[in-house]
Amino acid sequence: MGCAGFACSKHSLCALNILYVMVSLLMIGIAAWGKWFGLVSSFQVVGGIIGVGIFLFFVSLAGLIGAMKHHQVLLFFYMIVLVMVFIVQFSVSSACLAINREQQDHLLEVGWNNSQSTQRDVEKSLNCCGFRQACFPNHSCFPCADKIQEHAGEALRFVGGIGLFFSFTQILGLWLTHQYRNQKDPRANPSAFL
């Protein structure tokens with residue numbers, strides 16, 4: 001029967017959703033760890049990451065329960081959410097990979113000017129002061145713009161690549177869900193409806 005069978009589709013979809021559950025718990029844990037140890041002081045950033053992790057947890061839980069019980073409504077809901085998440089994630093990942101140096105400079109400067117807590121975090125972690133000009137001209141403190149740019153380019157490529165990878169796993173999940181949802185359970189009553 002190969003992997004086109006009911007059991008193989010079910011187990012593959014369950015494994016994919018268990019992976020998503022682990023990723024969501026990892027996101028929540030890392031965000032909480034970063035806030036707890038003072039690595040990130042911005043509550044909005046930590047709250048956003050934890051919120052995305054909780055959303056991913058519940059979506060993957062719905063997919064896991066739908067796969068285990070062959071529940072048509074949950075699987076349909078899961079497919080719709082996967083399509084929406086794929087569109088957003090693919091768009092953001094592509095933008096991260098396609099952003100050029102001038103756009104990156106502009107976004108970094110806007111982010112720098114809009115958040116005092118981010119400024120303090122960056123100045124503390126990178127041992128710099130000010131964005132384009134050093135705060136204390138008499139000291140050996142350098143502006144943060146160059147140091148941020150070194151890390152931002154690498155971070156954007158990393159985040160874009162990881163996001164692109166997971167967006168294609170969502171296409172796999174969508175295909176598996178569609179295939180599994182349209183299969184009949186061989187152990188079920190043959191005269192029963194799907």
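Computed from a predicted model, the values in this text were never measured in an experiment.
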TODO: Looking only at non-hydrogen atoms, find the nearest pair between Tyr20 and Gln170 and report the distance.
DONE: OH-N, 3.3 Å

- [ ] Could you check whether the rings of Phe6 and His70 sit parallel, tilted or perpendicular, using 30° and 60° as the cut-offs?
- [x] perpendicular

Open item on the list: Considering only residues two or more places apart or on different chains, which pairs with a residue in residues 90-103 satisfy side chain to side chain donor-acceptor pair (under 3.5 Å)?
Closed with: Arg101-Gln149

Task: From Ile99, Leu107, Leu97, residue fulfilling side chain to side chain contact (heavy atoms under 4.5 Å, CB included) relative to Leu156 - done: Ile99

TODO: Give the minimum heavy-atom separation between Gln119 and Asn113, together with the two atoms involved.
DONE: NE2-CA, 4.0 Å

TODO: Using the test disulfide bond (SG atoms under 2.5 Å apart), find all partners of Cys128 that sit at least two apart in sequence or belong to another chain.
DONE: Cys144

Open item on the list: Quick check for you: to the nearest 0.5 Å, what is the distance between Leu174 atom CG and Gln179 atom CD?
Closed with: 11.5 Å

- [ ] Compare every heavy atom of Leu13 with every heavy atom of Ala67, then report the nearest pair and how far apart it is.
- [x] CB-CD2, 3.8 Å

TODO: Could you tell me the separation between the CG atom of Leu75 and the CG atom of Asn182, rounded to the nearest 0.5 Å?
DONE: 10.0 Å

Task: Min side-chain heavy-atom separation Val81-Val85 under 4.5 Å - done: yes

- [ ] Search all heavy atoms of Gly53 against all heavy atoms of Ile28 and return the closest pair with its distance.
- [x] C-CD1, 3.8 Å

Open item on the list: Could you measure the distance from the CD1 atom of Ile30 to the CD1 atom of Ile50? Nearest 0.5 Å is fine.
Closed with: 11.5 Å

Task: Distance-minimising heavy-atom pair for Gln104 and Ala152 - done: NE2-CB, 3.3 Å

Task: Among Leu176, Leu64, Ile65, the one residue meeting side chain to side chain contact (heavy atoms under 4.5 Å, CB included) with Cys14 - done: Leu64

- [ ] Would you check, one step at a time, whether the test side-chain hydrogen bond (donor to acceptor under 3.5 Å, both in side chains) holds for Tyr78 with Ser60?
- [x] CA-CA 8 Å; Tyr78 179 70; Ser60 58; over 6 Å; no

Open item on the list: I want to check something: taking the side chain as every heavy atom from C-beta on, are Arg181 and Met79 in contact at a cut-off of under 4.5 Å?
Closed with: yes

Task: Phe86: ring-ring contact (aromatic ring centres under 6.0 Å, His included) partners, not counting sequence neighbours - done: Phe90

Open item on the list: Do Val88 and Ile162 sit in one hydrophobic cluster, given that two such residues count as connected whenever their side-chain heavy atoms are within less than 4.5 Å of each other, even indirectly?
Closed with: no

Task: For the student: nearest non-hydrogen atoms of Leu16 and Gly173, plus distance - done: CD2-CA, 3.2 Å

